[in-house]
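These notes concern the structure reproduced below.
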Amino acid sequence: MAAVHHPCTSTVQRTVKVDVYDWDRGGSHDFIGEFTTSYRELSRGQSQFSVYEVLNPKKKCKKKKYINSGTVTLLSFKAESEYTFVDYIKGGTQLNFTVAIDFTASNGNPSQPTSLHYMNPYQLNAYGMALKAVGEIIQDYDSDKLFPAYGFGAKIPPDGKISHEFALNGDIENPNCVGIQGVLEAYFKSLRTVQLYGPTNFASVINQVARAAGDVTDGSQYYVLLIITDGVISDMVQTKEAIVNASSLPMSIIIVGVGPAEFDAMEELDGDEVRVSSRGRFAERDIVQFVPFRDYVDRSGNQVLSMARLAKDVLAEIPEQFLSYMKSRDIKPRPLSQSGPVQALPMHI
């Protein structure tokens with residue numbers, strides 16, 4: 001197994017150092033030796049075989065008669081471009097941002113200061129802060145600034161039917177809100193008109209966004225769903241199935257947990273350690289990022305700092321998830337868009 005320390009660049013003479021290991025299934029690979037080459041030298045491998053001596057520095061120092069630890073023969077060479085998140089954004093790819101907010105009764109009465117939905121006239125509640133922190137960054141990558149916004153787990157007028165994907169603006173035919181401020185206004189309006197109830201179901205809204213993502217798979221659009229919730233998920237089996245199905249689509253899911261609840265089940269959906277599975281099928285990609293909001297609350301009460309910390313971490317995985325989709329579908333960035341300068345997301349790109 002060979003590991004290249006420096007990627008090939010436009011500087012064709014740049015040295016490339018290759019470490020060679022004896023691969024072991026358990027992960028304890030044994031170092032055999034190393035050799036150096038260059039992009040230009042590697043590229044000659046397209047027309048002729050190249051043989052490299054693999055040297056082990058320690059053995060070379062200890063053994064006088066040491067010659068090498070074997071050889072590596074280059075049989076073929078192929079140069080591939082590594083595109084970045086910004087390359088696609090410059091090429092015109094749009095991020096489509098959708099919000100889903102938990103309206104279950106466990107949040108508490110919105111008129112009471114103890115409620116996670118408390119409508120404080122002087123400052124945003126945890127839901128509002130999470131929404132604004134993430135949304136105000138993502139909105140810069142969505143040209144029309146129209147964001148579908150849903151609620152789940154409430155009884156909605158006029159007949160008090162429980163819904164898990166009702167439009168915050170009251171118009172299920174057109175759930176779009178204008179800008180993040182429009183989403184916030186629709187959220188506060190909904191708190192006055194719906195009855196908090198339950199249970200906490202995610203699958204409906206995930207499937208709703210997945211249907212939209214499934215209609216545009218050419219790399220021109222990428223969907224980001226933000227779910228803000230206070231508690232334990234009720235439809236884990238259905239949610240896992242929805243995530244596995246969505247993992248093949250241009251889509252990512254951000255889950256922000258608010259309040260003091262234990263969020264162990266949410267960690268299970270965040271496939272960093274173990275990929276989410278359903279009925280024996282594993283997710284094609286890791287598309288879920290979960291964070292508990294309480295980990296980012298500034299002790300001094302500085303809301304701006306709390307929101308900045310949350311945004312930085314919660315958005316950190318989006319570029320990698322985005323690129324994993326584009327790479328899996330062999331989608332390359334379009335030629336540079338003439339739409340103007342592009343900002344970089346405050347995350348690892």
Side-chain angles (χ1 to χ4, degrees), residues 95-107 127 130 134 148-154 162-166 197-217 221-259 261-295 313-329:
L95 295 189
N96 293 292
F97 183 51
T98 301
V99 179
I101 294 177
D102 184 336
F103 279 78
T104 54
S106 55
N107 284 282
Y127 280 89
V134 178
Y150 300 94
F152 58 89
I162 298 171
S163 173
H164 296 292
E165 50 176 312
F166 63 89
Y197 204 71
T200 306
N201 291 357
F202 288 179
S204 290
V205 74
I206 292 173
N207 289 330
Q208 173 87 0
V209 176
R211 284 192 289 272
D215 289 338
V216 190
T217 57
Q221 309 282 329
Y222 192 85
Y223 290 76
V224 178
L225 168 61
L226 171 64
I227 299 175
I228 312 175
T229 183
D230 83 312
V232 179
I233 186 169
S234 306
D235 65 339
M236 179 61 84
V237 172
Q238 293 87 344
T239 293
K240 282 185 175 180
E241 184 174 10
I243 289 170
V244 170
N245 291 337
S247 68
S248 63
L249 301 172
M251 174 176 170
S252 289
I253 302 167
I254 297 168
I255 303 173
V256 177
V258 297
E262 291 300 320
F263 293 109
D264 294 350
M266 301 299 178
E267 299 285 1
E268 191 179 341
L269 299 179
D270 189 331
D272 286 345
E273 301 297 329
V274 179
R275 195 66 60 84
V276 177
S277 64
S278 171
R279 301 183 186 182
R281 291 170 56 225
F282 282 86
E284 186 178 310
R285 303 157 39 239
D286 171 23
I287 64 168
V288 179
Q289 164 80 333
F290 168 74
V291 295
F293 184 65
R294 59 176 174 251
D295 290 357
D313 259 25
V314 89
L315 293 169
E317 291 186 19
I318 296 296
E320 187 177 335
Q321 292 175 0
F322 174 100
L323 290 171
S324 73
Y325 174 79
M326 298 301 181
K327 197 168 186 178
S328 70
R329 299 297 182 272

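Start at 1 with the first residue, then count along the sequence. A quick note: this is a predicted structure, and the numbers were derived from the prediction, not measured.
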query: If we only count heavy atoms from C-beta on, is the Ile255 to Asp270 side-chain gap below 4.5 Å?
result: no

message: Contact between Phe97 and Leu226 at the side-chain level, heavy atoms closer than 4.5 Å - yes or no?
response: yes

statement: Tightest non-hydrogen contact, residues Ala130 and Val256, listed as CB-CG1, 4.0 Å

field: Spatial distance of atom CE (Met236) from atom OG1 (Thr200) [nearest 0.5 Å]
entry: 11.0 Å

- line: Tightest non-hydrogen contact, residues Ala154 and Phe103, listed as CB-CB, 3.7 Å

query: Any side-chain heavy atom of Glu268 sitting closer than 4.5 Å to one from Val276?
result: no

query: When rounded to the nearest 0.5 angstrom, what is the spacing between CG in Asp313 and CG in Asp295?
result: 9.0 Å

- prompt: Where do Ser252 and Ile318 come nearest, in terms of heavy atoms and distance?
  reply: CB-CD1, 3.7 Å

- prompt: Is the backbone of Gly257 close enough, under 3.5 Å, to the side chain of Arg294 for a donor and an acceptor to pair up by distance?
  reply: no

task: Measure the shortest side-chain to side-chain distance between Gln289 and Leu315 over non-hydrogen atoms and say whether it is less than 4.5 angstrom.
output: no

field: Side-chain donor/acceptor of Asn207 to backbone N/O of Ala203, under 3.5 Å
entry: yes

- request: Could you walk me through whether Met266 and Ile233 pass the side chain to side chain contact (heavy atoms under 4.5 Å, CB included) test, one step at a time?
  value: CA-CA 8 Å; Met266 301 299 178; Ile233 186 169; 4.2 Å; yes

- prompt: What is the minimum heavy-atom distance between Ser328 and Glu284, and which atoms define it?
  reply: OG-OE2, 4.0 Å

query: Should Tyr150 and Val99 count as side-chain neighbours, where that means a heavy-atom distance under 4.5 Å?
result: no

task: Hey, could you give me the OG1/CD1 distance between Thr239 and Ile253, rounded to the nearest 0.5 Å?
output: 8.5 Å

- line: Ile228 and Phe152 have their tightest heavy-atom pair at O-CZ, 4.2 Å

- prompt: Going by the angle between their ring planes, with limits at 30° and 60°, are Phe290 and Phe263 parallel, tilted or perpendicular?
  reply: tilted

field: Closest heavy-atom pair and its distance - Thr217, Pro250
entry: CG2-CD, 4.0 Å

query: Side chain of Arg329, backbone of Leu249: donor and acceptor closer than 3.5 Å?
result: no

- prompt: Judged by atom type as modelled, is there a donor-acceptor pair below 3.5 Å linking the side chain of Asn245 to the main-chain atoms of Ala242?
  reply: no

Distance in Å, Ile101 CD1 paired with Asp230 CG, rounded so as to fall on 0.5 Å steps: 12.5 Å

field: Validation row: Glu317, Val288 side chains within 4.5 angstrom (heavy atoms)
entry: no

query: Heavy-atom distance under 4.5 Å between the side chains of Ile206 and Met251, does that happen here?
result: yes

message: Less than 4.5 Å apart, side chain to side chain, heavy atoms only: is that true for His164 and Asp235?
response: no

- prompt: CD of Glu165 to CG of Asn201: how many Å apart, nearest 0.5 Å?
  reply: 11.0 Å

task: With Val224 as reference, evaluate Asn96, Ile287, Ile254 under the side chain to side chain contact (heavy atoms under 4.5 Å, CB included) test and give the passing residue.
output: Ile254

- request: To the nearest 0.5 Å, tell me how far Ser278 OG sits from Glu241 CD.
  value: 4.5 Å

